[in-house]
Amino acid sequence: METVVTFFNDIVWSAALVILLVVTGLYFSIRMRLFQVRYIVDMVRLMFKGGKSDDGISSFQAIAVSLAGRVGTGNIVGVSTAIFIGGPGAIFWMWLIAFLGAGSAFVESTLAQIYKQKEDGQYRGGPAYYIEKGIGGTFGKYYALLFAVVTVLACGLLLPGIQSNSISSSATNALPMIDGWMIGAFLVVILAVVIFGGIRSIANVATAVVPFMAIAYIIVAVIIVIMNIGDVPALIGLIFRSAFGLEQQFAGTVGAMIMIGVKRGLYSNEAGQGTGAHAAGAAEVSHPAKQGLVQSFSVYIDTLFVCTATALMILMTGMYNVSDGNDGLIIDNGVYQTNAAGEKDVSGTVTFTQAGIDSAFHGMDSFQEGFIGFGSYFIAFALLFFCYTTMLAYYYIAETNLVYMLRGRMQWLKIVLGLVLIGSAFYGTVSTADLAWQMGDLGVGLMAWINVIGILILQKPALKAFKDYERQYKLQKKGEIDEIVYTPERGEFKDHNFWVDEYPRRDEEGYSYPDRN
């Protein structure tokens, strides 16, 4: 099976996808005149604005659900893998795809708001909805269906195993007496309790857990940076020199470095992949661009903050190895993890981060496999919460696309979906990490291809909404208007009936948004 998955992965993750992601992000950044820099203060302000109703969730809850999907194993194990395959320079390419990816995240999230609708008593939005409505016709319908099918398979079946595998690996490192199947049984219970409670239940858990764990994680990283503050300039220099092949020992790995940096950057921040747009479409806001800005900032939180924290902890302490692209190592610091078969795994595993923190807090000069310290326990704890909320977000994304396909029919399939995801999570705790990552990469790559092409076709409504937001923003600054509200004209775009027919009636007594089912 691993051979088949690898074959298709090589096709999906060709250089063409990397170029497409970078060029698309650069294009949108230029079209919106580096909005990700100009509006960064407004992004933070808007994060805590927005309403909450019986039909939708607040902007903060939406970004919490998005971050639940983004902040997970990609921020810890994904960074370790990037360093192992591409060396320190891979971190630069993760930064770059995050900065440029903010443009893609804005467009997809704004489109999700423009074309959202009410189904099953709550707002639903995302690529399937805006592709069908925005493109229209037979092509739009089947292209949207393609995205929905791929996303249900990816988020419901392929991706959960990566998260649970990381939980299992970190937990068994910290607590050797625990077996993977025990972790799997525990996950089955805690996933089932929340998954079947719907988006509000998921949003409530994400809102409580994600900010707390992200802040705690960054605090630990800051402490380690302060402890090694003298090494920071040289480390930053190493990252930049390596990124462009100027560091001799990494000169031969530039191609692999860029590929893995973009791949792991996308897996981590999901910009352009379309997953974050699902939570964006559920938010209650007065203008689509507001949620677009909020979702753009979530890319920064994920990659520029959390991923950078991981990279610094690993690189500062020297607890990493770097592959030469074959079976050897360019850098061998003796860091490894013993896998289920009893073999030494020197690749980018959770051990890099656990050993890095242990080294910083316990004064370890070299890796010691049997040592279990603060880092081992902290990362096991962090991954449990990060990956748990990520799997909850995966369920919501998969469910949204399933609801799109069902159109009010066969609602029992949502229960089946939940059971499949829970089964996939259990399997991930007892499977190999390589297969889990290969399957996850395949799902991410397929979604990215479909969604990026879709947002390039549908860019006009999102860019026009951004211009309208900028116009009203200037008026608000002058005190000429109180609130920025989206009021498009009928017929301006295809099938954006929510903002034309429904949102203007929100204050009418007894009015409720109609359910499309």
Side-chain angles (χ1 to χ4, degrees), residues 71 73-95 98 170 173-174 213-243 246-250 253 257 260-261 264-265 268 302-323 329-337 346-369 371-383 386:
V71 180
T73 190
N75 301 84
I76 298 176
V77 184
V79 173
S80 300
T81 306
I83 292 172
F84 174 73
I85 295 176
I91 304 306
F92 169 83
W93 296 103
M94 291 184 74
W95 289 341
S170 63
N173 278 350
M213 279 311 306
I215 291 171
Y217 191 77
I218 292 170
I219 287 174
V220 170
V222 169
I223 292 172
I224 293 176
V225 169
I226 293 173
M227 292 169 65
N228 299 272
I229 194 67
D231 298 332
V232 172
L235 185 60
I236 298 299
L238 175 64
I239 290 173
F240 277 90
R241 289 195 308 274
S242 302
L246 301 179
E247 191 72 20
Q248 186 174 359
Q249 61 185 333
F250 302 119
T253 64
M257 181 188 304
I260 193 63
R264 288 291 166 260
S268 176
D302 174 88
T303 303
L304 299 186
F305 296 162
V306 183
C307 285
T308 300
T310 301
L312 291 176
M313 289 189 290
I314 292 172
L315 295 174
M316 278 184 168
T317 56
M319 291 296 169
Y320 65 96
N321 309 311
V322 179
S323 170
L329 297 173
I330 296 173
I331 293 179
D332 184 0
N333 287 318
V335 185
Y336 65 89
Q337 177 179 340
V346 300
S347 66
T349 65
V350 68
T351 303
F352 283 18
T353 315
Q354 288 179 312
I357 299 177
D358 281 342
S359 173
F361 283 95
H362 299 281
M364 292 167 49
D365 294 328
S366 60
F367 175 72
Q368 300 172 30
E369 185 189 20
F371 183 83
I372 300 174
F374 172 74
S376 300
Y377 293 117
F378 178 74
I379 291 300
F381 185 75
L383 274 175
F386 283 156

Exercise for the section: State, yes or no, whether a side-chain contact exists between Asp358 and Met319 at a heavy-atom distance under 4.5 Å. Expected result: no
Handout entry: Donor-acceptor under 3.5 Å (Trp93 side chain, Met257 main chain)
Key = no
Practice task
To the nearest 0.5 angstrom, please state how far the CD1 atom of Ile83 sits from the OG atom of Ser347.
Solution key: 13.0 Å
Practice task
Please tell me if the side chains of Asn173 and Ile372 come closer than 4.5 Å, counting only heavy atoms from C-beta onward.
Solution key: no
Exercise for the section: Would you check, one step at a time, whether the test side chain to side chain contact (heavy atoms under 4.5 Å, CB included) holds for Leu329 with Val322? Expected result: CA-CA 6 Å; Leu329 297 173; Val322 179; over 6 Å; no
Problem - Pairing residues for Ile239 by the side chain to side chain contact (heavy atoms under 4.5 Å, CB included) criterion, not counting sequence neighbours - result: Pro88, Ile91, Phe92, Trp95, Leu315
Practice task
Work out which heavy atom in Ala174 is nearest to a heavy atom in Ala380; give both atom names and the distance.
Solution key: CB-CB, 4.1 Å
Practice task
State, with a plain yes or no, whether a side-chain heavy atom of Val346 is found less than 4.5 Å away from one of Val335.
Solution key: no
Exercise for the section: Please name the pair of heavy atoms, one in Phe367 and one in Asn333, separated by the smallest distance, quoted to 0.1 Å. Expected result: CB-O, 4.4 Å
Handout entry: Donor-acceptor contact present, side-chain Ser359 to main-chain Met364, <3.5 Å
Key = yes
Practice task
For residues 216-238, pull every pair meeting salt bridge (Lys or Arg N to Asp or Glu O under 4.0 Å), keeping only residues two or more places apart or in separate chains.
Solution key: none
Exercise for the section: Determine the minimum heavy-atom distance between Ile260 and Thr81, stating which atoms define it. Expected result: CG1-O, 4.3 Å
Handout entry: Nearest non-hydrogen partners of Met227 and Ala360, listed with the distance
Key = CE-O, 2.9 Å
Problem - Val232 vs Met316 side-chain heavy atoms within contact, under 4.5 Å - result: yes
Practice task
Step through it carefully: locate the ring centre of Phe84, locate the ring centre of Tyr320, and say whether they are under 6.0 Å apart.
Solution key: no
Practice task
Flag the pair Ser323 / Ile330 as yes when at least one side-chain heavy-atom distance between them is below 4.5 Å, and no otherwise.
Solution key: no
Exercise for the section: Looking only at non-hydrogen atoms, find the nearest pair between Gly230 and Pro233 and report the distance. Expected result: O-CD, 3.7 Å
Fill in the blank from the handout: Minimal heavy-atom distance between Ala90 and Ala82, with the atoms involved, is CB-O, 3.5 Å
Practice task
Could you tell me whether the side chain of Phe352 reaches within less than 4.5 Å of the side chain of Asn321, counting heavy atoms only?
Solution key: yes
Handout entry: Side chain proximity check, Leu312 to Leu235, heavy atoms < 4.5 angstrom
Key = yes
Exercise for the section: Taking the side chain as every heavy atom from C-beta outward, state whether Tyr336 and Thr351 have any pair of such atoms under 4.5 Å apart. Expected result: no
Problem - From Ser170 atom OG to Ile379 atom CD1, the distance as rounded to the nearest 0.5 Å - result: 8.0 Å
Problem - Output field: ring centroids Phe374/Phe361 closer than 6.0 Å - result: yes
Exercise for the section: Establish, from distance only, whether the side-chain atoms of Thr310 and Tyr217 form a donor-acceptor pair under 3.5 Å. Expected result: yes
